[in-house]
Amino acid sequence: MASSLHSNHTQICPNPTALNGGSASDGKSQISKKPRLYADPPPLFTPSDIISEFSHHDPAVARINNGSFGCCPSLVLSAQNQLQLQWLRQPDNFYFNQLQPKIIQSRTIIKDIINADHVDEVSIVDNATTAAAIVLQQIAWGFAEGKFCRGDAAVMLHYAYGAVKKSVEAYVTRVGGYVIEVPLPFPVSSVDEIVKEFRQALRRGKENGRKVRLAVIDHVTSMPTVVIPVKELVTICREEGVDQVFVDAAHGIGCVDVDMKQIGADFYASNLHKWFFCPPSVAFLYCKKSTNNSDLHHPVVSHEYGNGLAIESSWIGTRDYSSYLVVPKVLEFINRFEGGIEGIKKRNHEYVVEMGQMLVKAWGTHLGCPPEMCSSMVMVGLPACLGISSDHDALELRSFLRDKFGVEVPIYYRPPKDGEEGGVVTGYARISYQVYNKVEDYYKFRDAINQLVDSAFTCASLPIS
């Protein structure tokens, strides 16, 4: 990264021209391979445009936690508001004449972005948790109806998202499935560590004549965050005879490369409101056409039951569907950045790594994984002297940073390993970088932690809540 990142602390982005991915001298635009709405695209955003698009953000908060709830620009919020008003003005007309064509338009754009074969493979749902419920519900029916044997296995990562773990418990364990969690090291030093543990877990799943009916693989784990080698793990699943593979990519689209043909999973779900600039809440679920998915159904049964998952998901009763419909406007927004979504992903990754390296240098700690295993988020070790000794400490420190310093960042507690003694890093911050972030956000976080260290603060001094 250019040294200009630190040269002007008031700019919205490390380099105003770099915001759009070009140099100040060439004036050229890299053409995105992703779909565009215009033959002649509108002008690229300037740094002041970005400030305006996210002016509704609280200016008193260093918002370096895009990973939890995402962000939505004013351009898209305005389009959503117009759709909501159209519905309220004449809901019957909107329902009968506009809703389904607009949903198909959004599904078609998503299909092109993720390189799916057919629009029928793409359903729009509320969020990745709903998508997981759809897939796991089918697995539960397989056990309940005798297609699977009691004790057949489902494999998932130990760092799977908490709600997905609960869903596996509710849908798989309850009906007699045997669940194996893949233990993953943290900090992570290489992809090989993940691959080795995954292979071993699949083999455990096949012990005593069992079959592995489902593998749940994160594309980007949430806490701690690391990019998982999904293509390699899906290939291993095929080699080991796993029935179906579900990739939980809540942080996928807009954050990492998402190509259904390359990944090769049976199911892939990603939120659109985290890194793809949609308002909450909306996600897509990809279901590979060659997979036997005729028994996939939305968990909310409505009038469209039996007409295919994509159609079922497009109407689950009266509700606000506007977040499903703004995908074309989001694409318009994204295409006003140099390189479109690919350019945004690349720059976010580069900036978050640079900010992470700045922080660990300031604190004498380390990153949670190599830069190549980061996405637009990275785990940053916190000074050991803060005394983070439990999940409760991590949550309380997060609240303290929010309330006292105006810094919003998730904190992760890593228990000491056997043989580790005092001075080991047990707390990590998960920092995000999105287009609205500026270097001051990370300096504010750095200075807050430095102030706590200088004052001999420890988590033991936090009030008990």
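No experiment lies behind these values; they were computed from the predicted model shown.
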Chemist: Would D218 and T221 count as a side-chain hydrogen bond (donor to acceptor under 3.5 Å, both in side chains) if you check the C-alpha gap in whole Å, the side-chain angles of each, and the deciding distance to 0.1 Å?
Modeler: CA-CA 6 Å; D218 299 69; T221 58; over 6 Å; no
Chemist: Answer yes or no: is there an ion pair linking K211 with D152, defined by an N-O contact shorter than 4.0 Å?
Modeler: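 Salt bridge: no.
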Chemist: For a quick check under 3.5 Å, do W275 and H251 share a side-chain donor-acceptor pair by atom type?
Modeler: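 Result is yes, a qualifying pair exists.
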Chemist: Can you find a side-chain donor-acceptor pair between S322 and Q80 that sits under 3.5 Å?
Modeler: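 The answer is yes; a qualifying pair exists.
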Chemist: Assign the ring pair Y321 / Y324 to parallel, tilted or perpendicular, where the plane angle (0 to 90°) is split at 30° and 60°.
Modeler: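 Rings of Y321 and Y324: perpendicular, as their planes differ by over 60°.
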Chemist: Applying salt bridge (Lys or Arg N to Asp or Glu O under 4.0 Å) to K289 and E121, what does each step give before you reach the verdict?
Modeler: CA-CA 6 Å; K289 208 172 181 67; E121 296 177 317; over 6 Å; no
Chemist: Looking at H297 versus Y305, is the centre-to-centre ring distance below 6.0 Å?
Modeler: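 That pair passes the under 6.0 Å test.
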Chemist: In terms of heavy-atom contacts, does NE2 of H56 have more than 12 from other residues, nucleotides or ligands at under 6.0 Å?
Modeler: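 For H56, atom NE2 is crowded (more than 12 foreign heavy atoms under 6.0 Å).
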Chemist: For Q434 and N348, run side-chain hydrogen bond (donor to acceptor under 3.5 Å, both in side chains): C-alpha distance rounded to whole Å, both residues' side-chain angles, the deciding distance at 0.1 Å, then the answer.
Modeler: CA-CA 6 Å; Q434 186 51 288; N348 285 351; 2.9 Å; yes
Chemist: Under 3.5 Å, which donor-acceptor pairs link side chains of residues 261-268 to any protein atom two or more places apart or in another chain?
Modeler:
residue, atom, partner, partner atom, Å
K261, NZ, N115, O, 3.1
K261, NZ, N115, OD1, 3.3
K261, NZ, D117, OD1, 3.0
Q262, OE1, K231, NZ, 3.4
D266, OD1, T291, OG1, 2.8
D266, OD2, R238, NH1, 3.1
D266, OD2, R238, NH2, 3.2
D266, OD2, V245, N, 2.7
Y268, OH, H219, ND1, 2.7

Chemist: Could you tell me whether K206 and E240 have a side-chain N and a carboxylate O separated by less than 4.0 Å?
Modeler: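 Salt bridge: yes.
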Chemist: How far apart are the closest heavy atoms of E312 and N307, and which atoms are they?
Modeler: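 So the two residues come closest at OE2-N, 4.1 Å.
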Chemist: Is any NZ, NE, NH1 or NH2 atom of the basic residue among R319 and D126 found under 4.0 Å from an Asp or Glu carboxylate oxygen of the other?
Modeler: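 Judged by the 4.0 Å cut-off on N to carboxylate O distance, R319 and D126 do form a salt bridge.
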Chemist: What do you reckon, are the aromatic ring centroids of F445 and F405 less than 6.0 Å apart?
Modeler: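 That pair fails the under 6.0 Å test.
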Chemist: Should the pair K111-D120 be classified as a salt bridge under the 4.0 Å nitrogen-to-oxygen rule?
Modeler: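 Salt bridge absent between K111 and D120.
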Chemist: Counting distance only, does the side-chain N/O of K165 pair as donor-acceptor with the main-chain N or O of A160 below 3.5 Å?
Modeler: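 Between the backbone of A160 and the side chain of K165 there is no qualifying donor-acceptor contact (under 3.5 Å).
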Chemist: Do you know which two heavy atoms are closest between P187 and L367, and how far apart they sit?
Modeler: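 Looking at all heavy atoms of both residues, the closest pair is CB-O, 4.5 Å.
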Chemist: May I have the step-by-step check of side-chain hydrogen bond (donor to acceptor under 3.5 Å, both in side chains) for D49 and T46, ending in yes or no?
Modeler: CA-CA 5 Å; D49 291 332; T46 66; 3.1 Å; yes
Chemist: Please check if the side chain of R347 supplies one atom and the backbone of V435 the other of a donor-acceptor pair under 3.5 Å.
Modeler: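 Side chain of R347 to backbone of V435: no pair is present.
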Chemist: Using the test ring pair (Phe, Tyr, Trp, His ring centres under 6.0 Å), find all partners of F277 that sit at least two apart in sequence or belong to another chain.
Modeler: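 With neighbours one apart ignored, the set is F333.
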Chemist: For F186, is the NZ or CZ atom of R414 found under 6.0 angstrom from the centre of its six-membered ring and inside 45 degrees of the ring axis?
Modeler: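 Not flagged: R414 not positioned over aromatic ring of F186.
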Chemist: Using a strict threshold of under 4.0 Å (side-chain N to carboxylate O), is an ion pair present between K346 and E350?
Modeler: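 Salt bridge between E350 and K346, a charged N being under 4.0 Å from a carboxylate O: yes.
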Chemist: Is it true that W87 and Y95 have ring centroids separated by less than 6.0 Å?
Modeler: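 Ring centres of Y95 and W87 not closer than 6.0 Å.
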Chemist: Is the closest basic N to carboxylate O distance between D441 and K438 below 4.0 Å?
Modeler: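 Judged by the 4.0 Å cut-off on N to carboxylate O distance, D441 and K438 do form a salt bridge.
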